[in-house]
Amino acid sequence: MTIRVAFLGPEGTYTHQAVLQQFGINDVGISPQQSIGDCFQAINTHIVDFAVVPFENSTNGQVVFTYDLLRDWFLNEEKQCHFKIVGEQFVSIHHNLLSNGSLEDIETIYSHPQVWTQVGGYLSTLRKGITKIDVGSTSKAAELVSHDKTNKSAAISSLMSSKLYNLPILKANIEDNVSNTTRFLILGYNDLPVHDNNNKEVQIVTSIMFTLPHDDPGALCDVLVKFKENGINLTSISSRPANLQPWQYVFFVETIGKISTDVLKSIQKLCRDVAILGEFDRNWRFNQT
């Protein structure tokens with residue numbers, strides 16, 4: 001049976017790499033999407049079985065589009081959102097300078113907006129006057145350069161894109177941080193297919209989103225104390241505008257382990273809205289390959 005997977009396209013993106021890491025290449029039907037919002041729509045309408053979207057980068061931080069879409073889908077009762085986060089993937093990000101021309105002839109470089117801050121050190125070594133142009137994805141950058149007959153443009157993109165568009169690598173691994181990693185979420189309705197591994201380092205991660213009913217001193221602290229009182233390891237907390245009223249925020253937290261019904265009820269009493277975004281395995285050995 002073929003598994004249908006939507007992802008932020010086109011083919012050759014790092015999100016596509018996350019799809020391959022999670023699902024492999026056999027019995028998988030890929031569905032590249034033009035935006036992260038389209039990925040949410042694809043899973044919501046059951047066009048696909050799973051959707052893979054970028055969530056955060058170890059260098060740049062939040063992918064705010066994904067955070068805001070989670071907020072909009074899970075806080076909006078009219079959307080009747082039934083999918084959830086069912087998994088994650090970690091992809092090591094290695095940027096390469098791709099071109100059919102020579103380094104001396106390059107006048108324009110294309111890439112995704114987030115990439116520039118990740119390769120600032122290398123860009124500073126290039127001659128001045130080169131134009132940097134934002135495009136929707138690193139793969140799109142490679143596609144544009146592959147069609148350039150002047151051979152005066154380059155793309156900062158992945159090894160996968162180099163192979164896909166037959167573009168030579170002028171300089172490999174130009175990222176400033178060799179540990180640069182992007183974390184991707186997998187959205188779906190059912191558990192992910194089980195992989196054959198005996199890794200005992202699997203942890204259950206619970207992802208929660210909540211808003212507060214007021215901004216009195218200690219309102220957020222009161223909620224966080226509930227995690228501590230119940231011995232729950234809270235591993236991250238982020239916030240985004242709630243879009244309910246000015247200066248109200250939605251908080252995203254992740255914990256190690258499942259949260260019992262009693263603990264959840266105690267948290268709900270202190271919040272305006274609470275949504276469980278998902279419970280999923282964190283398998284470090286599998287995700288870091």
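The structure displayed is predicted, hence computed values, not measured ones.
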Between Y14 and H95, is the ring centroid distance below 6.0 Å? yes

About how many Å separate CG of D273 and CZ of R71, when rounded to the nearest 0.5 Å? 12.5 Å

Hey, what else clusters with L20 if you join Ile, Leu, Val, Met, Phe, Trp, Tyr whenever side-chain heavy atoms sit under 4.5 Å? I25, M160

Applying side-chain contact (heavy atoms from CB on, under 4.5 Å), can you list everything that pairs with S35, at least two apart in sequence or on another chain? D38

Residue list, salt bridge (Lys or Arg N to Asp or Glu O under 4.0 Å) with E104, at least two apart or on another chain: none

Under the salt bridge (Lys or Arg N to Asp or Glu O under 4.0 Å) test, residues paired with K258 that sit two or more places apart: none

If you measure from CG on D216 to SG on C221, what distance do you get to the nearest 0.5 Å? 13.5 Å

E143 meets the salt bridge (Lys or Arg N to Asp or Glu O under 4.0 Å) criterion, sequence neighbours left out, with K140

Side chains of V145 and L167: closer than 4.5 Å at any heavy-atom pair? yes

Taking the side chain as every heavy atom from C-beta outward, state whether L126 and I109 have any atom pair closer than 4.5 Å. yes

Test item: S239 and F252 side chains (from C-beta on) under 4.5 Å apart, heavy atoms: no

Would the number of heavy atoms belonging to other residues, nucleotides or ligands and lying under 6.0 Å from CZ of F65 be above 12? no

What heavy-atom pair brings N96 and A172 nearest, and what distance separates the two atoms? OD1-CA, 3.1 Å

Test item: side-chain donor near acceptor, Q268 and S266, under 3.5 Å: no

Salt bridge (Lys or Arg N to Asp or Glu O under 4.0 Å) partners of residues 107-126, not counting sequence neighbours, each pair once: E107-K152

May I ask you to check whether Y165 and H147 place their ring centres under 6.0 Å from each other? no

Indicate yes or no: at least one non-hydrogen side-chain atom of S58 is less than 4.5 angstrom from one of T182. no

Considering all heavy atoms of both residues, which atom of G29 and which atom of T2 are nearest to each other, and what is their separation? N-CG2, 3.4 Å

Flag for T117-N60: side-chain donor and acceptor within less than 3.5 Å: yes

Between D134 and W116, do the side chains contain an N or O donor and an N or O acceptor separated by less than 3.5 Å? yes

When you compare the side chain of S158 with that of T13, does any pair of heavy atoms fall below 4.5 Å? no

Can a donor-acceptor pair be found between the side chains of Q118 and N180 at a distance below 3.5 Å? yes

Smallest separation among heavy atoms of T15 and F7, with atom names: CG2-CB, 3.9 Å

So which pairs with a foot in residues 236-249 pass salt bridge (Lys or Arg N to Asp or Glu O under 4.0 Å), sequence neighbours left out? D68-R240

Checking R272 now: which residues fulfil side-chain hydrogen bond (donor to acceptor under 3.5 Å, both in side chains) with it, not counting sequence neighbours? none

Between the side chains of D105 and N151, does any donor sit under 3.5 Å from an acceptor? no

Please go through V225's hydrophobic cluster and name the other residues, only I, L, V, M, F, W, Y counting, with side-chain heavy atoms under 4.5 Å joining them. none

Using a 3.5 Å distance criterion without hydrogens, assess whether the side chain of T181 forms a donor-acceptor pair with backbone atoms of F90. no

From I30 CD1 over to I3 CD1, what is the distance, rounded to the nearest 0.5 angstrom? 13.5 Å

Pair listing, salt bridge (Lys or Arg N to Asp or Glu O under 4.0 Å) test, anchored in residues 217-226, at least two apart: K226-E229

Under the ring-ring contact (aromatic ring centres under 6.0 Å, His included) test, which residues partner F184, sequence neighbours left out? none

Given 3.5 Å as the limit, does a donor-acceptor pair link the side chain of D148 with the main chain of S153, or not? yes

Please determine, by modelled atom types, if Q22 and Q89 share a side-chain donor-acceptor pair under 3.5 angstrom. yes

Out of curiosity, K84 NZ to S207 OG, how far, rounded to the nearest 0.5 Å? 12.5 Å

Hydrophobic cluster of I267, others only, ordered by chain and residue number, side-chain cut-off 4.5 Å: I208, F210, L212, L220, V223, L224, F227, I232, L234, I237, W247, Y249, F251, V253, I259, V263, L264, L270, V274, I276

